[in-house]
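Numbered from 1 within each chain, the chains take letters A, B, ... in sequence-line order. Fair warning: this is a prediction, and the values are worked out from it, not measured in the lab.
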2 protein chains.
Amino acid sequence: MTTGMHDSDVEAEVSSRSRFLDAALDLFVEHGYNGTSLQMIGDRLGVSKAAVTYHFKSKDDLIRAVIAPAFHELQELLDGAEAIKRESARRTHALDGYVDYLIRQRRVASWLSRDVAAIGHPVVYEPAQQLTGRIDALLIAGPHDEIAQIWGSAITQALTGPILNPVSISDGDLREQLLAIGHQLIRGHQAAVRRSTKSD
Amino acid sequence: MTTGMHDSDVEAEVSSRSRFLDAALDLFVEHGYNGTSLQMIGDRLGVSKAAVTYHFKSKDDLIRAVIAPAFHELQELLDGAEAIKRESARRTHALDGYVDYLIRQRRVASWLSRDVAAIGHPVVYEPAQQLTGRIDALLIAGPHDEIAQIWGSAITQALTGPILNPVSISDGDLREQLLAIGHQLIRGHQAAVRRSTKSD
DNA sequence: GTCTATAGCGCGATAGAC
DNA sequence: GTCTATCGCGCTATAGAC
């Protein structure tokens, strides 16, 4: 036990917020945010829907709590990567960290990539927009023209693809393939830039 | 006017099914299937929500009608591609056709890729599952092991990425970049297969 | 053939029992 | 502090006016 809580807190802790967050995320992944009712979350834990609105005063509060850890982790990664001066080292660090983030937070990441209702939610929209803009800027070299936008969205979507449907492969092997996918598309973008400047 | 309808049908035709389908798709793209009510669709066309359930007897019927043209087009493409004997020619034809499909049907394609509620809908789920399985099989060479699954999902997701957020680029230039992305990832997969067989 | 009116249901949220 | 009971709302779907 590495936390500082008392023995009497153990049972309360296990049956508390994190269980609700876990159940909610499971259901958001499967049915989407709008398709998941507080009733469904309560049923899964054997409590009433009122028990859910007790722990989280609204459904808005719940979605904020579910995404917070992933957004926080991604933000720290971006802060660290953006502090790196050399472009190629910065890009490599961002790709490594983003792949790690996707694997560690794959449930949240795959949910948000497939649920327009969640991304469009007032609580989620603006921070998500900002984070994706920053990761795009880190992964793509050169000016942010139309071609960079296209390849940038291709990279982030390509990295998300393999985490959508669980594959029977170790996290380490998955990481290796995701990095290969990222580097392959970064090279592809650079080649596309060379092609377009040559034809100018 | 290339259709055979009478002049008296013109006004009825313009204000009929296709207008409902177009408005519904617009709203599905923006708010998701569960986030779009019949009320919202009626409001956009200046009619009551009952007018929507008159043309389509249920919301299930509506989603079926919205996706039908895109699914039909994709199915014809797959039938044609699968009839090609030589693997590399089959793969090239599938990639070309799939990119054309994504550009022509970009609203439906980007909606379905971002709305778990729509993909999970009974009317959509099974045909969509079958179509994505077939396109994956066409685009990826060799045995369908874990690595093939990973790169297959990376390719289809990467191709979908650039159509999600409209970019100010012509369809022709977009097509060129999507083909480059597809070929780049197909080459990446082949290199990954060589790496993994060498290390066995 | 197209609409209004409304039924019937499930939702998120809350007041108050315990 | 945690639950039960319930409120008010918006949803899909339908019956029936026009």
Side-chain angles (χ1 to χ4, degrees), chain A residues 5-21 23-25 27-28 30-67 115-118 120-124, chain B residues 5-28 30-67 115-118 120-124:
Chain A
M5 61 186 176
H6 301 122
D7 289 349
S8 59
D9 292 336
V10 171
E11 191 177 350
E13 172 60 23
V14 172
S15 61
S16 195
R17 280 180 65 97
S18 66
R19 283 179 65 243
F20 284 92
L21 293 175
L25 180 50
L27 290 163
F28 290 161
E30 190 173 349
H31 305 287
Y33 178 72
N34 281 332
T36 302
S37 66
L38 303 182
Q39 181 82 251
M40 291 163 74
I41 299 169
D43 286 354
R44 173 160 298 205
L45 298 175
V47 300
S48 72
K49 64 177 177 176
V52 183
T53 53
Y54 166 68
H55 287 283
F56 307 89
K57 78 168 190 282
S58 69
K59 206 184 175 188
D60 286 11
D61 239 49
L62 180 57
I63 194 173
R64 193 186 291 112
V66 168
I67 62 169
D115 190 355
V116 60
H121 193 287
V123 164
V124 183
Chain B
M5 60 186 178
H6 302 121
D7 288 352
S8 59
D9 293 337
V10 171
E11 191 177 349
E13 171 61 23
V14 172
S15 63
S16 195
R17 280 181 65 98
S18 66
R19 281 180 65 243
F20 283 92
L21 293 176
D22 202 56
L25 180 50
D26 265 3
L27 291 163
F28 290 162
E30 189 173 349
H31 304 287
Y33 178 72
N34 281 332
T36 301
S37 68
L38 303 183
Q39 180 82 250
M40 291 161 74
I41 299 168
D43 285 354
R44 172 160 298 206
L45 297 175
V47 300
S48 72
K49 62 181 176 175
V52 183
T53 53
Y54 166 69
H55 287 283
F56 307 90
K57 77 167 191 283
S58 70
K59 205 182 173 188
D60 287 11
D61 239 51
L62 180 57
I63 194 174
R64 192 186 291 111
V66 168
I67 61 170
D115 190 354
V116 61
H121 193 287
V123 163
V124 182

Undergrad: I'd like to know whether B:H55 forms a side-chain contact (heavy atoms from CB on, under 4.5 Å) with B:L62, so could you lay out the CA-CA distance, the side-chain angles of the two residues, the decisive distance to 0.1 Å, and finally the verdict.
TA: CA-CA 9 Å; B:H55 287 283; B:L62 180 57; over 6 Å; no
Undergrad: Below 4.0 Å from chain A heavy atoms, what is the first contacting nucleotide of DNA chain C and what is the last?
TA: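 Going 5' to 3' along DNA chain C, contacts run C:dC11 to C:dT14.
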Undergrad: Which residues satisfy the side chain to side chain contact (heavy atoms under 4.5 Å, CB included) test with A:D61, sequence neighbours excluded?
TA: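 Scan of A:D61 (side chain to side chain contact (heavy atoms under 4.5 Å, CB included), adjacent residues dropped) gives A:F56, A:K57, A:S58, A:R64.
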Undergrad: Taking B:F20 as the fixed residue, which of B:V52, B:V66, B:L25 is the one that meets the side-chain contact (heavy atoms from CB on, under 4.5 Å) rule?
TA: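 For B:F20, the side-chain contact (heavy atoms from CB on, under 4.5 Å) check succeeds only for B:V52.
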Undergrad: Please output the side-chain donor-acceptor pairs of residues 32-40 of chain A that fall under 3.5 Å, not counting sequence neighbours, one pair per line with the distance.
TA:
| from | atom 1 | to | atom 2 | distance (Å) |
| --- | --- | --- | --- | --- |
| A:Y33 | OH | A:K59 | O | 3.3 |
| A:T36 | OG1 | A:L27 | O | 3.1 |
| A:T36 | OG1 | A:G32 | O | 2.7 |
| A:S37 | OG | A:M40 | N | 3.2 |

Undergrad: Name all residues meeting the side-chain hydrogen bond (donor to acceptor under 3.5 Å, both in side chains) criterion together with B:D43; count only those two or more places apart in sequence or in a different chain, and write none if there are none.
TA: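 Listed in chain order: nothing, the list is empty.
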Undergrad: Taking only N/O atoms, report every protein-nucleotides 9-13 of chain D pair under 3.5 Å with atom names and distance.
TA:
| from | atom 1 | to | atom 2 | distance (Å) |
| --- | --- | --- | --- | --- |
| D:dC11 | OP1 | B:S37 | OG | 3.4 |
| D:dT12 | OP1 | B:K59 | NZ | 3.2 |
| D:dT12 | OP2 | B:L38 | N | 3.0 |
| D:dT12 | O4 | B:K49 | NZ | 3.1 |
| D:dA13 | OP2 | B:K59 | N | 2.9 |

Undergrad: Test of understanding: with salt bridge (charged side-chain N to carboxylate O under 4.0 Å, His left out), list the residues that count as partners of B:D26, not counting sequence neighbours.
TA: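 With sequence neighbours excluded, B:D26 shows a salt bridge (charged side-chain N to carboxylate O under 4.0 Å, His left out) to B:R44, B:R107, given in chain and number order.
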Undergrad: How far apart are the closest heavy atoms of B:A118 and B:V124, and which atoms are they?
TA: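 Result for this residue pair: O-CB, 3.3 Å.
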